[in-house]
Amino acid sequence: MSDGRGLELALAAVRPGDVVHLAAGTYRGRFGAAVSGTAGAPIEVCGSRLAILDGGGIDTGYGFHLEADYWRLEGFSITGSQKGVVLDHASHNVVRDLAIFGIGDEGVHFRSCSSDNVLADSDIRDVGQTDAHSGEGVYVGSAVGNWRTCSGGRPDTSDRNSIINNRIGPNTTAESVDIKEGTSGTEVAGNTFDGRGMTAADSWVDAKGNGALISGNTGTHAPRDGFQTHLIVAGWGHANQFTGNRADVDGPGYGFRVEGSDNIVACDNQVTRAESGMANVPCRKTG
């Protein structure tokens, strides 16, 4: 596979178990998938970082729009679109080892009840180039104001998504990871966050859903705080746990600024250069 039109045709024709190999080169267009694989026969699109999906402009469109289950996107690059990778009603997918950069809004968005997906080992930078307030590295779920359009007025239950071992930043203008109200069971583990160029947010991670585990991450150059929780909607923003993270804040805030008495900041987190201190609540021993 070596050109945009050929890739469009291949994506439209795939069936469970198929593999689409991308040769090095630039694939111009906006790409997507609507045919699902299966647990035993996922559909795979793979290539090296020299295989570049280029949407041709950061004001509109998605680099890869996944509306199907059991896909694997591995190894290639995405640039030149309003949004990088968007998953809608898409579950049990793996997005691994991608380079996502030069994007108008967010890099990766798990949306519209997309659950049990994995984003791993990827590089996300230079997003939010059109709208700084929409420049999250990774966006999980939907803000309450968008529930009407994304999930018929109900919470966007994009649940149990895992964000593991990624390098996010610099120049993600909003949060490195934004976990929205209505979501549950998000895992954020082993990532590296670089807050340089974060002009429209005040923390690397903002957890507004329930039951997120945020562990083993390393952050530098926070705009204010390292990690936050917020109570945006009644019943949401609870039982989130922060453990084993290293936060070199280099800013005026806390390593951890949390709302809600049942959110846990473990004592094994390490915080340096946070002018306000480790956390606005006492740490707790866990394990």
Side-chain angles (χ1 to χ4, degrees), residues 110 115-120 136-144 155-166 168-169 174-195 198 201-287:
F110 299 104
S115 298
D116 300 297
N117 301 290
V118 176
L119 169 67
E136 295 86 356
V138 184
Y139 196 115
V140 182
S142 303
V144 62
D156 181 351
T157 53
S158 291
D159 296 339
R160 299 176 304 281
N161 293 298
S162 296
I163 302 158
I164 302 173
N165 295 338
N166 303 285
I168 303 176
E175 294 88 351
S176 301
V177 180
D178 194 1
I179 305 169
K180 288 300 186 183
E181 55 273 16
T183 64
S184 299
T186 304
E187 179 184 13
V188 182
N191 302 283
T192 301
F193 307 130
D194 184 341
M198 191 179 289
D202 55 9
S203 66
W204 304 307
V205 176
D206 193 347
K208 309 179 190 77
N210 289 349
L213 176 60
I214 299 163
S215 65
N217 303 286
T218 299
T220 57
H221 307 296
R224 186 179 76 174
D225 305 310
F227 301 84
Q228 297 178 343
T229 71
H230 287 97
L231 306 177
I232 301 298
V233 176
W236 296 101
H238 298 287
N240 299 294
Q241 182 170 335
F242 301 87
T243 181
N245 300 286
R246 293 185 295 168
D248 182 18
V249 175
D250 191 20
Y254 293 97
F256 300 85
R257 185 189 298 265
V258 301
E259 300 176 0
S261 60
D262 58 350
N263 291 306
I264 296 173
V265 178
C267 294
D268 64 358
N269 293 290
Q270 301 177 33
V271 176
T272 55
R273 297 197 296 171
E275 292 181 15
S276 297
M278 177 178 179
N280 66 321
V281 297
C283 71
R284 305 188 197 180
K285 293 183 178 180
T286 59

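Because only heavy atoms are used, hydrogens play no part in the values below, and waters and symmetry mates are left out as well, while side chains stay in.
Residue pairs satisfying the salt bridge (Lys or Arg N to Asp or Glu O under 4.0 Å) criterion with at least one member in residues 227-241, sequence neighbours excluded, are absent. For residues 267-286, the set of pairs meeting the ring-ring contact (aromatic ring centres under 6.0 Å, His included) definition, not counting sequence neighbours, is empty. Among pairs with a residue in residues 265-284, none fulfils ring-ring contact (aromatic ring centres under 6.0 Å, His included), at least two apart in sequence or across chains. Sorted by first and then second residue, the disulfide bond (SG atoms under 2.5 Å apart) pairs with a member in residues 215-267 read Cys267-Cys283; sequence neighbours excluded. For residues 205-246, the set of pairs meeting the disulfide bond (SG atoms under 2.5 Å apart) definition, not counting sequence neighbours, is empty. Contacts classified as salt bridge (Lys or Arg N to Asp or Glu O under 4.0 Å) and involving residues 212-221 (residues at least two apart or in different chains) are not found.
For Asp202, the side chain to side chain donor-acceptor pair (under 3.5 Å) partners are Arg224, Gln228, not counting sequence neighbours. Qualifying ring-ring contact (aromatic ring centres under 6.0 Å, His included) partners for Phe256, counting only residues two or more places apart in sequence or in other chains: Phe227, Phe242. Considering only residues two or more places apart in sequence or on other chains, Lys180 meets the salt bridge (charged side-chain N to carboxylate O under 4.0 Å, His left out) condition with Asp178. Scored by the salt bridge (charged side-chain N to carboxylate O under 4.0 Å, His left out) test, Arg160 finds Asp116 as partners (sequence neighbours excluded). Applying the ring-ring contact (aromatic ring centres under 6.0 Å, His included) rule to Tyr139 yields the partners His109; only residues at least two apart in sequence or on another chain are considered. Among residues two or more places apart in sequence or in another chain, the salt bridge (charged side-chain N to carboxylate O under 4.0 Å, His left out) test is passed with Asp206 by Lys208.
In this structure, Asn245 and Asn269 approach most closely via the heavy-atom pair N-OD1, 2.9 Å.
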Checklist line | side-chain hydrogen bond (donor to acceptor under 3.5 Å, both in side chains) between Thr243 and Asp268, worked out | finding: CA-CA 6 Å; Thr243 181; Asp268 64 358; 3.0 Å; yes
